[in-house]
Each structure stands twice: as C-alpha cells, then as structure tokens.
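What follows is a short report on a single structure.
Small disclaimer: the values here were computed from a predicted structure and weren't measured.
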Amino acid sequence: MRSSLSSGILIALAVALVMVFFSAYTVTPRDYALPLRLGEPQTPKTEPGLYWKWPFIENVEYIDRQVLDLDNQAQEVIASDQKRLVVDAFARYRVSDPLKFFQTSHSEKGAELQLTAILSSAVRRVLGQATFSAVVRDNRAGLMTKIRDEVNREATGFGVIVIDVRIRGADLPEANSQAVYKRMQSERKTEAQQIRSQGTQKAQVITADADRQVAKILGEARGTASATTGAADSARIKILADAYNRDPEFFQFYLSMRNYVEALKPENTQMFISPDWDYFRYLRSPAEAAAKPGGTPAPAVPLPPSTAPAPAPAATPVPAQ
C-alpha cells in the first residue's frame, strides 16, 4: 500500500515537473517573446523575466530586439545632373513592435528582404534629386538623413525603426571614372602650364626691373667716382703747386731724383753720354758744380709725378759685354 502510494507521488511530481518545464519560459533583455497559441500570436512579452504558457498548446517565438544590420548591394543611380553613380549603402534597424513584425515578416530574413527593397528605392529616389557634387562632397550627411526618413516612413507598417543609413561609397562607373580621370589630368596640365607661363612673365618683369636698377646704380656710381676723381686731381695739383711755390729748389731736386729712378733702371743695356750733361747736375759734387762755367747749375724743368721722365739724348746703345 505504501509502495503504491510512493509510486503515485513520484509520478505526480514527475508530471508536475514536466508541466512546469513545458509551461515556463524566460525573456532576456536582448529578446522579445511572442506566445503563439495554436499558431495565433498573443500579446508579446517585452519586459525581461519568467513567464508561463499553456503546455502543448502555446509555443514562444523569440525576436531579437538588438540593433541589426541591413546590407544593400551596390546599385547604379543617375543624379539630377545626369551623372551616373555606383552607390553602396547600408542601414541599421531594430524591431519596435514584435507583434506587427511577426505578422508582416515572420522572421529576420523576411524583414531584410522587404527593407532591402525599400532602402534601394529610397536611395534611388533621394539621390536622383541631388547633384553629383552634393552626393560626393557637399551634402552627403543631409542626403543620408533624408534616406533614413524615407525608409522609416515606408517601414513603419513592418514594426521596425531604421536608426541610421550610411552611404559606404559613391563612385563613378569604371568607364566614366577613366574618362573623368583623363579630363582631370588634362585640366591640371593646362592649369600648370598657365601657372608656369605667369611665373615666366613675372620673372622677366623682375629681371628687367633689376637690370634697370643695376644700370642706374652703376651710372650714379660712375658719376660719383668721376666727380671724386676730378676733385682729387684738382686737390693733388693744388698741393703740388703749393709745394713747388714753397721751396722750388727742393721740389726740383725731388723731381730729378724721381726721374733718375725711372730713367736709370737696372737694365741689360749701357749708354755712353757726356758726364757734363746738365741732366745729371744733382749727381755731381758741389765742388764740380761750382767749377763749371757760370758757377750755379741751371734749374731743372719740373715734371709732373704722373708723367714719365724725359728720355735721354740720342746715344748709341751698345750691347752689354
């Protein structure tokens, strides 16, 4: 009796455990839980915790509540200025209404298929109204925001919210890219040639101005040098005249000595002239000068220092022996 009672209690506990196992389920902060009673969705469980369901009648569908990525294949778009672009865009979204999401998409794969079509349509529509420069450079951020708003407007019925849309790349098609690169190279070469021509012209102007200034400076310097030289020559002549007038005899002696130095240089030539020639009067002793007829030597003709000494009288040059 006791044995059968114990067996019944154990069976009841086992059945209770099985019922609890199939009746209890948990919801984490990363998921939504959507109970399905005989395939019909019930009120979703959005708060984390432990929940109960009817065993064998209800099952639970879990839906990710985290931010999900939506990749879109690159597509060709024609901008408003009729330029073709290959645009690669992607989006990030999350589920906001799990019940509506399950009713319209049933799964993430179904939602991605629907959102991809909406994203492609929004990209073509928004970028088709913008210019090439706006897409590539000027207003890219504003266009991405506009695409996100367009996608959200159409995706509201799917129970999702698009958080962000980004244009990963916006390039010209390969054939157009090559043509654009060649045109850019030609434009840069033309611009460089213009800059070189302008630089050459400016260099010629600067060189001509520098030559003009050099000629002016040299002319002024030559004029100043000529004036200085003339003033120096005038002062020199005045000094020589004053010196001559102060002591004519000494000045004649000084000039004669200078003429001797210039005329009697040690050359490999001998000259035979009369020793009584008056040119050598300062080389004779005072006694010889007094013994000469007349007594006092005749004054010598002064020569300017810059003038070469007077040549000696004609004499027969004899080679050195």
Could you go step by step and tell me if L85 and V135 meet the side-chain contact (heavy atoms from CB on, under 4.5 Å) rule?
CA-CA 9 Å; L85 289 169; V135 177; 3.8 Å; yes
Are the side chains of L36 and P41 in contact, using a 4.5 Å heavy-atom criterion?
yes
Could you walk me through whether K146 and Q129 pass the side-chain contact (heavy atoms from CB on, under 4.5 Å) test, one step at a time?
CA-CA 11 Å; K146 191 173 181 180; Q129 299 173 356; 3.6 Å; yes
In this structure, are over 12 heavy atoms from other groups packed under 6.0 Å from R246 atom CZ?
no
Do the side chain of R65 and the main chain of T46 share a donor and acceptor less than 3.5 angstrom apart?
yes
Using a 4.5 Å cut-off on heavy atoms from C-beta on, say whether the side chain of R168 contacts that of D71.
yes
Contact between K202 and V205 at the side-chain level, heavy atoms closer than 4.5 Å - yes or no?
no
Treating E61 as the side-chain partner and N59 as the backbone partner, does any N or O pair qualify as donor plus acceptor under 3.5 Å?
no
Decide yes or no on salt bridge (charged side-chain N to carboxylate O under 4.0 Å, His left out) for E150 and R153, but give the supporting numbers first.
CA-CA 5 Å; E150 290 281 340; R153 188 177 299 111; 3.3 Å; yes
Got a sec, which pairs hit side chain to side chain donor-acceptor pair (under 3.5 Å) with one end in residues 109-119, sequence neighbours left out?
S105-Q114
Parallel, tilted or perpendicular: which fits the ring planes of Y51 and Y25, with parallel below 30° and perpendicular above 60°?
parallel
Under 3.5 Å donor-acceptor, D81 side chain and F132 backbone:
yes
Let me see the working for L70 and V162 under side-chain contact (heavy atoms from CB on, under 4.5 Å), right down to the final yes or no.
CA-CA 10 Å; L70 177 64; V162 177; over 6 Å; no
Start with the C-alpha gap between L34 and F101, add the side-chain angles, then the distance that decides, and say whether side-chain contact (heavy atoms from CB on, under 4.5 Å) holds.
CA-CA 11 Å; L34 183 65; F101 177 82; over 6 Å; no
In short, A170 meets V136 closest at the heavy-atom pair O-CG2, 4.2 Å
Backbone of L50 reached by a side-chain donor or acceptor of T26 within 3.5 Å:
no
Linked, directly or transitively: V123 and V86 (ILVMFWY side chains, under 4.5 Å):
no
Would you confirm whether S121, through its side chain, and A117, through its main-chain N or O, come within 3.5 Å as a donor-acceptor pair?
no
Return yes when atom CD of Q201 has more than 12 non-hydrogen atoms of other residues, nucleotides or ligands closer than 6.0 Å, and no otherwise.
no
Under the 3.5 angstrom rule, does the side chain of N72 hit a backbone N or O of A89 as a donor-acceptor pair?
no
Which residues pass the side-chain contact (heavy atoms from CB on, under 4.5 Å) test with E187, sequence neighbours left out?
R183
All heavy atoms of R140 vs all of I167, minimum pair found to be NH2-O, 3.0 Å
What about L99 and I161, same hydrophobic cluster or not, with Ile/Leu/Val/Met/Phe/Trp/Tyr joined at side-chain heavy-atom distances under 4.5 Å?
no
Please list every donor-acceptor pair under 3.5 Å in which a side-chain atom of residues 213-220 meets a protein atom from a residue at least two apart or in another chain.
residue : atom : partner : partner atom : Å
Q213    : NE2  : D209    : OD2          : 2.8

Would you call E40 and R37 a salt bridge, using N to O less than 4.0 angstrom?
no
Heavy-atom check, side chain of Q75 versus side chain of S120, under 4.5 Å
yes
Using the rule given for salt bridge (charged side-chain N to carboxylate O under 4.0 Å, His left out), can you reason through R92 versus D69, listing the C-alpha separation, both sets of side-chain angles and the distance that settles it, and then say yes or no?
CA-CA 5 Å; R92 307 194 74 186; D69 294 330; 2.9 Å; yes
